[in-house]
Amino acid sequence: MNAPHLAPLERPSEATLKSLVAELQSRFGSRTVTSAAVREQHGHTLTWLANQPPDVVVYPETTEEVSEIVRLCAATRVPVIPFGIGSSLEGHVNAPFGGVSIDTSRMKRILHVHEEDLDCTVEAGVTRKELNEFLRDRGLFFPIDPGADASLGGMAATRASGTNAVRYGTMRDNVVSLRAVLPNGDIVQTARRARKSSAGYDLTRLLVGSEGTLGILTEVTLRLHGLPEAVSAGICPFPSVKAACDAVIMTIQSGLPIARIELLDEVMVGACNTHSKLDLPEKPLLLVEFHGTETGVAEQAERFGAFAEEFGGGPFEWATKAEERTRLWTARHNAYWAANGLRPGAKPLATDVCVPISRLAECVDETKRDIAASRLIAPIVGHVGDGNFHVQPLIDMDDSAEVEAGIAFVDRLVERALAMEGTCTGEHGVGQKKMKFLESEFGPVALDLMRTLKRAIDPHNIMNPGKIFSV
Ligand SMILES: Cc1cc2nc3c(=O)[nH]c(=O)nc-3n(C[C@H](O)[C@H](O)[C@H](O)COP(=O)(O)OP(=O)(O)OC[C@H]3O[C@@H](n4cnc5c(N)ncnc54)[C@H](O)[C@@H]3O)c2cc1C
């Protein structure tokens with residue numbers, strides 16, 4: 001299949017932008033912002049990637065307002081960049097061709113909670129913590145937890161996951177339906193609320209993971225889960241990352257319904273100890289959690305302990321009190337910031353890959369040896385129950401040789417994961433910086449099919465241009 005060409009990318013003219021901004025200001029008043037500080041904050045700010053700010057930021061409050069903004073942009077062919085809280089890590093919210101950042105942070109209504117059906121519908125700007133705060137007294141929770149308190153629209157758009165995915169799945173599994181504004185301003189509902197359906201193309205899953213390139217999600221209907229009766233968490237040190245990964249493989253292959261199983265290598269453990277004032281043993285560590293009944297959780301923990309012992313792991317220590325567990329998981333969620341503290345002044349090159357679980361130990365082990373050979377400071381942390389791990393090389397951006405070494409390291413990491421039938425990103429997404437790997441991951445036919453879909457939905461290429469695949 002020959003994919004049709006997408007519209008060429010270029011910055012809109014100053015005159016076009018000026019009249020668009022005037023129109024937005026007349027319609028949305030002080031919710032249209034052009035100050036440099038706010039625009040910069042809406043470009044990518046978190047890693048070593050350069051900041052590319054949009055020309056203007058608008059804060060809509062309803063789906064209809066989003067539609068109105070998109071129609072104005074479509075009429076003038078000005079790029080539109082959807083924005084949640086800006087916690088994505090691969091340059092997703094950068095505006096390489098300028099344009100309008102549509103910030104969903106004022107779209108905060110929790111529209112429905114259907115307790116009896118275990119689902120809810122929220123506006124895209126609600127964050128995962130805000131939703132869980134709201135649900136707590138109802139005995140329900142939403143399990144997907146990227147470290148950041150991300151917006152649910154952003155999480156759906158990046159097909160996010162996190163520590164709980166091994167038990168509860170990713171956003172792919174937990175989004176029931178979406179309301180979205182298409183690149184021409186039309187409003188679409190992708191599905192009804194039924195748990196399953198065989199009706200037509202799966203538009204929900206087309207938009208989940210589309211990184212703002214096919215439309216702006218304005219409402220998200222999500223699956224909810226009952227709060228488990230019992231929760232227990234623990235830590236288990238291992239003699240090597242390979243031994244820890246082998247224990248993970250055995251745990252998953254045995255069908256043990258573990259809720260969380262996270263790897264921290266010894267470098268990351270040291271960083272977390274300093275940052276979160278903990279005294280964890282500075283060895284490769286598995287941080288685990290079990291959900292279920294009191295007896296179920298005790299049985300699961302015992303079985304996990306036996307697997308760990310087979311690979312030289314232990315002692316297995318329990319965090320029985322809720323505050324201790326919260327402290328451990330908060331430290332885990334702050335690992336990104338902890339790692340940055342290892343080398344003040346350096347920039348993080350945060351990246352992730354994912355491989356089939358049987359290849360996990362091999363992939364992490366080879367990566368560890370590569371880090372040593374490259375002389376990089378690069379802590380590893382991972383949602384290893386899914387075969388997913390993150391590496392965070394800390395790079396001195398004034399040292400061009402080090403920058404090159406960082407890029408070469410990520411290239412090798414991705415090649416390694418692809419050679420093991422894995423993917424270039426398990427959860428962070430493609431954004432700007434993983435674009436170059438998609439051809440090797442999918443091959444030309446699948447990539448052309450993606451371009452054909454993009455062209456059909458966004459013929460003028462205004463939705464988050466310059467992301468996912470090149471034109
Ligand atoms: C400390 C830290 C830890 C992290 N850990 C994890 C992790 O464990 N797992 C994980 O998956 N990710 C992780 N991330 C990455 C990040 O949190 C996720 O990618 C998250 O889903 C992004 O949500 P956001 O609201 O910040 O979206 P943004 O960064 O604002 O946007 C991300 C992308 O989605 C698009 N977008 C945003 N909102 C919408 C919308 N309403 N409609 C359409 N498109 C939209 C944007 O255009 C952009 O392409 C981590 C990030 C940090 C900083």
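Atoms considered below: every heavy atom in the structure, side chains included; atoms not considered: hydrogens, waters and symmetry mates. Residue indices begin at 1 and follow the sequence shown. Remember, it's 1-based here, ligands and their atoms both numbered in the order they're listed.
The existence of a salt bridge linking Arg205 and Asp173 is excluded, since no basic side-chain nitrogen approaches an acidic carboxylate oxygen closer than 4.0 Å. A salt bridge is defined here as a Lys NZ or Arg NE, NH1 or NH2 lying under 4.0 Å from an Asp or Glu carboxylate O, and Lys433 with Glu90 fails to meet this definition.
Scanning for salt bridge (Lys or Arg N to Asp or Glu O under 4.0 Å) contacts around Arg77 gives an empty result, with sequence neighbours left out.
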side-chain contact (heavy atoms from CB on, under 4.5 Å), that's the test. Do Leu118 and Arg223 meet it? Break it down for me.
CA-CA 6 Å; Leu118 294 174; Arg223 284 189 176 190; over 6 Å; no
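His428 and His390 form a side-chain donor-acceptor contact under 3.5 Å, judged by distance and modelled atom types alone.
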Show me a pair-per-line table, with atom names and distances to 0.1 Å, of protein N or O atoms that are under 3.5 Å from an N or O of ligand 1.
| residue | atom | partner | partner atom | Å |
| --- | --- | --- | --- | --- |
| ligand 1 | 5 (N) | Gly147 | N | 3.1 |
| ligand 1 | 8 (O) | His383 | NE2 | 3.1 |
| ligand 1 | 8 (O) | Glu427 | OE2 | 3.1 |
| ligand 1 | 9 (N) | Ser161 | O | 3.2 |
| ligand 1 | 9 (N) | Glu427 | OE1 | 3.3 |
| ligand 1 | 9 (N) | Glu427 | OE2 | 2.8 |
| ligand 1 | 11 (O) | Ser161 | N | 3.0 |
| ligand 1 | 17 (O) | Ser87 | OG | 2.7 |
| ligand 1 | 21 (O) | Thr158 | OG1 | 2.8 |
| ligand 1 | 25 (O) | Ile85 | N | 3.1 |
| ligand 1 | 25 (O) | Ser151 | N | 3.0 |
| ligand 1 | 25 (O) | Ser151 | OG | 2.7 |
| ligand 1 | 26 (O) | Gly86 | N | 3.3 |
| ligand 1 | 26 (O) | Ser87 | N | 2.7 |
| ligand 1 | 26 (O) | Ser87 | OG | 2.6 |
| ligand 1 | 29 (O) | Ser87 | N | 3.1 |
| ligand 1 | 29 (O) | Ser88 | N | 2.9 |
| ligand 1 | 29 (O) | Ser88 | OG | 2.6 |
| ligand 1 | 30 (O) | Gly84 | N | 2.7 |
| ligand 1 | 30 (O) | Ile85 | N | 3.3 |
| ligand 1 | 30 (O) | Gly86 | N | 2.8 |
| ligand 1 | 41 (N) | Leu217 | O | 2.9 |
| ligand 1 | 42 (N) | Leu217 | N | 2.8 |
| ligand 1 | 47 (O) | Pro82 | O | 2.6 |
| ligand 1 | 47 (O) | Asn464 | ND2 | 3.4 |
| ligand 1 | 49 (O) | Glu211 | O | 3.1 |
| ligand 1 | 49 (O) | Asn464 | ND2 | 3.2 |

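Note on ring orientation: taking the six-membered ring where Trp is involved, the planes of His114 and His112 are parallel (angle under 30°, cut-offs 30° and 60°).
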